[in-house]
Amino acid sequence: MKKAIVLLGLTSAMSAFTGCSKDEPTSPETVGVQEYTINSIIAGGDTRTALDTETLQLSWLKGDKIKVYTGDNGIFTEYTTENGDGMFKGSVKPVLSSSLSYVAVYPDGKFGTVVDGTKPIEALRITVPKDQKYEAGKGPVGAIPMVGIWGDGDESVLFKPVGSALRLPVYSAVEGTTLTSVAFQFQSSSAGNVGAGEIGLKSWALDEYGDYSSPEVYYKRTDFAYGEVTPQVTVTGDIALGTTAETATDVYVAVTPGNYQGGYTVTITDAEGASMSKTKPASSSIVALMAGRIQKIAPLEYVQKAPKFTVVENPSDNTVVTATLDAEQELLPNATYQYWVEALSGGMQGSRWSQASDKIKLSSGTTSIVVSDIELSKLFSQPKEGDKLRFVVEASESGTVYTRSYEYTYHKAVSGEVKIDRIDYIEGNVEIFFSAGEELLKNAESSNVLFNLSSEEWTASPSDVWLSDAGDVVKWNNDTDGFGVRLVIPLSAFGADIPVGTYTLTVSVFESASDFDPYTSSSAEFDVYNG
């Protein structure tokens with residue numbers, strides 16, 4: 001059986017498959033299994049382009065898998081190159097996807113609907129992933145989709161890339177700097193459809209007779225239609241940086257072919273969680289990135305201008321966190337500084353705390369920032385005990401944004417005392433005015449506050465009074481100054497028939513939902529009367 005396989009590149013080449021002969025000897029492990037082998041060549045891209053681009057050179061890796069068309073209804077079967085030599089083996093025979101050719105895709109593909117302008121068409125769909133892995137010294141491993149086409153008379157299969165790539169050299173003057181991610185956010189252009197997502201090959205659309213048309217892949221944007229496309233692409237890994245532009249580390253990012261004239265923002269994040277974001281503005285002319293091409297970006301130096309803070313909890317009050325500017329740091333006169341707190345876990349995950357809709361500005365004389373539990377509760381829904389929060393400080397200078405972040409655990413305040421100031425009975429409602437330590441009021445949850453109405457005859461503890469629709473927040477109204485609270489409770493909540501008389505109402509606050517003894521409580525009398 002013939003077993004010569006050639007890797008598919010981004011240049012012109014071809015490949016094919018062979019099957020085992022019936023009179024060839026078989027090992028016990030392969031008895032009854034027909035093995036098919038596909039010989040693969042990776043083709044090279046067109047060199048004519050208006051951009052300073054390079055031809056994308058790809059090669060197979062040990063264990064790489066392709067999907068081969070092996071049946072009706074878009075059925076693809078997996079073939080594997082065990083040695084990375086481009087010799088792909090499988091056990092299901094390929095079938096013609098049209099009257100003319102066979103097809104294989106890397107790493108995966110399917111037939112389905114994409115949009116050509118405003119017209120939906122059935123085409124071969126393959127995907128550029130938005131989450132990609134970095135491997136030192138290599139291109140976008142496994143992220144550039146390719147398609148291979150061959151006929152009955154071909155000796156090899158030609159694979160051509162239908163994705164493009166960016167090559168960003170990154171370096172840092174600080175020796176030993178390592179990045180964990182490089183992320184691109186592309187801005188929309190007149191053509192759109194840039195970033196990552198599904199590419200539809202229009203040359204593989206169904207023709208008027210219901211067959212797939214000529215299966216050639218060209219390096220023109222007009223050959224592609226698109227399915228779902230996102231403008232974000234992120235490469236992650238341990239990216240060790242060189243220290244000069246000449247020794248910069250190349251980071252490759254696979255992208256869809258398209259018009260990139262809208263510009264982009266690239267954000268690089270280091271191993272300490274600090275990041276730098278730089279924006280390339282839109283171009284006045286079309287920036288066409290063709291399939292099988294690499295766009296080289298000018299080397300980018302990673303620096304960090306966000307000041308260092310030391311973030312610690314107050315040992316006497318673990319609900320207060322203080323961020324203190326490190327002694328060797330200073331705020332630069334030409335930079336703008338801001339800070340905020342964001343939630344990393346819990347019900348508020350992804351929420352940002354800041355004043356109004358903006359971040360809080362730092363003045364030139366700032367040396368420390370105090371973030372208290374009470375400030376957080378004023379500005380977004382209350383975090384829960386043990387939630388993970390992140391303090392972020394940001395510097396902006398000449399269009400580049402620098403950030404440092406510090407994670408810490410949120411602790412809920414339980415200090416303070418509750419005090420009932422007055423209780424009035426008005427037209428069937430109990431109106432309560434009470435006050436408490438500010439942390440206590442701001443952090444009390446529905447299961448932590450108990451209203452107990454008692455007389456000599458009975459005691460009522462309505463656990464479902466004054467809960468929100470979600471059943472987890474006490475409904476109180478901050479109608480009075482300071483931290484006073486005014487509550488109006490229908491007396492009927494405590495019982496159907498409450499006779500005229502004098503009653504005692506107790507307000508109790510518990511540290512957590514599972515406590516049986518109140519942290520603090522207060523009681524006061526009021527009269528129920530006719531009229």
Please report the C-alpha distance between Tyr102 and Leu96 in whole Å, then the side-chain angles of each, then the deciding distance to 0.1 Å, and finally whether the side-chain contact (heavy atoms from CB on, under 4.5 Å) criterion is met. CA-CA 5 Å; Tyr102 302 92; Leu96 293 174; 3.4 Å; yes
Crowded around Lys280 NZ? As in, over 12 foreign heavy atoms under 6.0 Å? yes
In Å, rounded to the nearest 0.5 Å, how long is the span from OG of Ser172 to CG of Leu241? 6.0 Å
Charged N to carboxylate O under 4.0 angstrom, Lys305 versus Glu397? yes
Distance, nearest 0.5 Å, that separates CD1 of Ile239 from OG1 of Thr180: 7.5 Å
side-chain contact (heavy atoms from CB on, under 4.5 Å) evaluation trace for Ile369 with Thr322: CA-CA 6 Å; Ile369 301 165; Thr322 301; over 6 Å; no
Looking only at non-hydrogen atoms, find the nearest pair between Tyr337 and Pro307 and report the distance. CE2-CD, 3.6 Å
I'd like to check Lys130 versus Thr234 (side-chain heavy atoms, cut-off strictly below 4.5 Å). Are they in contact? no
Ring centroids only, cut at 6.0 angstrom: are Tyr339 and Phe391 within range, meaning strictly under it? yes
Nearest 0.5 Å, what's the CZ-OH distance between Arg125 and Tyr226? 15.0 Å
I'd like to know if the side chain of Gln185 pairs up with that of Thr265 as donor and acceptor (distance under 3.5 Å, no hydrogens or angles considered). no
Is the number of heavy atoms from other residues, nucleotides or ligands under 6.0 Å of Lys67 NZ greater than 12? yes
Could you walk me through whether Ile121 and Lys119 satisfy the side-chain contact (heavy atoms from CB on, under 4.5 Å) test, starting with their C-alpha distance in whole Å, then the side-chain angles of each, then the deciding distance to 0.1 Å, before giving a yes or no? CA-CA 6 Å; Ile121 60 173; Lys119 176 185 176 183; 4.2 Å; yes
From CA spacing to verdict: side-chain contact (heavy atoms from CB on, under 4.5 Å), Leu124, Val147: CA-CA 9 Å; Leu124 177 61; Val147 61; 3.8 Å; yes
Interatomic spacing from NZ in Lys388 to CD in Glu342 - rounded to 0.5 Å: 15.0 Å
Take atom CD in Glu228; do more than 12 heavy atoms of anything else shown fall under 6.0 Å from it? no
Backbone N/O of Lys133 and side chain of Thr236: donor-acceptor pair under 3.5 Å: no
Keeping the roles fixed (side chain from Gln132, backbone from Ala254), state whether a donor-acceptor pair exists under 3.5 Å. yes
Donor-acceptor pair, Asn259 side chain versus Val287 backbone, under 3.5 Å? yes
Can you see whether Lys65 engages Thr80 through a side-chain donor-acceptor pair at a distance of less than 3.5 angstrom? yes
To the closest 0.5 Å, what do you measure between CG (Asp270) and OG (Ser275)? 8.0 Å
Compare all side-chain heavy atoms of Pro145 with those of Tyr106 and state whether any distance is below 4.5 angstrom. no
If I compare all heavy atoms of Phe224 with all of Leu201, which pair ends up nearest, and what's the gap? CE2-CD2, 3.6 Å
I want to check something: taking the side chain as every heavy atom from C-beta on, are Glu198 and Thr256 in contact at a cut-off of under 4.5 Å? no
Using a 6.0 Å cut-off, check whether atom CD of Gln329 has over 12 heavy atoms from anything other than its own residue. yes
Distance only, no hydrogens: is a donor on one side chain within 3.5 Å (strictly under) of an acceptor on the other, for Thr310 and Asp326? yes
Less than 4.5 Å apart, side chain to side chain, heavy atoms only: is that true for Glu35 and Thr37? yes
Hey, are the side chains of Leu168 and Val266 touching, using non-hydrogen atoms and a 4.5 Å cut-off? yes
Over all heavy atoms of both residues, which pair between Thr366 and Leu325 is shortest? Give the atoms and the distance, please. O-CD2, 3.8 Å
What pair of heavy atoms forms the shortest contact from Ile294 to Leu166, and how long is it? CG2-C, 4.3 Å
Counting only N and O atoms by type, is there a donor-acceptor contact under 3.5 Å from the side chain of Tyr69 to the main-chain atoms of Gly71? yes
Got Val128 and Ile199 here, is their nearest side-chain heavy-atom distance under 4.5 Å? yes
Just checking, is any N or O donor in the side chain of Gln304 or Tyr302 under 3.5 Å from an acceptor N or O on the other one? yes
I want to check something: taking the side chain as every heavy atom from C-beta on, are Leu344 and Glu407 in contact at a cut-off of under 4.5 Å? yes
Within the distance-only criterion (no hydrogens, no angle test), does the side chain of Thr127 pair as donor or acceptor with the backbone N or O of Pro129 below 3.5 angstrom? no
Check the pair Glu175 / Thr243 against side-chain hydrogen bond (donor to acceptor under 3.5 Å, both in side chains), numbers first and verdict last. CA-CA 6 Å; Glu175 191 170 353; Thr243 56; over 6 Å; no
Under the 3.5 angstrom rule, does the side chain of Thr81 hit a backbone N or O of Gly63 as a donor-acceptor pair? no
Do Leu289 and Pro257 come close enough that some side-chain heavy atom pair is under 4.5 Å? no
Look only at the side chain of Tyr134 and the backbone of Val251, and say whether a donor-acceptor pair between them is shorter than 3.5 Å. no
For a quick test of reading the model, state the closest non-hydrogen atom pair linking Val103 to Trp150 and the distance between them. C-CZ3, 3.8 Å
Do any N or O atoms from the side chain of Arg404 and from the backbone of Ala306 form a donor-acceptor pair under 3.5 angstrom? yes
Enter the distance from Ile268:CD1 to Ser277:OG here, rounded to the nearest 0.5 Å. 8.5 Å
Is the distance from the ring center of Phe76 to that of Phe111 below 6.0 Å? yes
Closest non-hydrogen atom pair between Ala165 and Val255, with its separation: N-CG2, 4.0 Å
Which residues share a ring-ring contact (aromatic ring centres under 6.0 Å, His included) with Tyr264, sequence neighbours left out: Phe184
Apply ring pair (Phe, Tyr, Trp, His ring centres under 6.0 Å) to residues Phe186 and Tyr260 and explain how you reach the verdict. CA-CA 8 Å; Phe186 298 100; Tyr260 284 80; 5.1 Å; yes
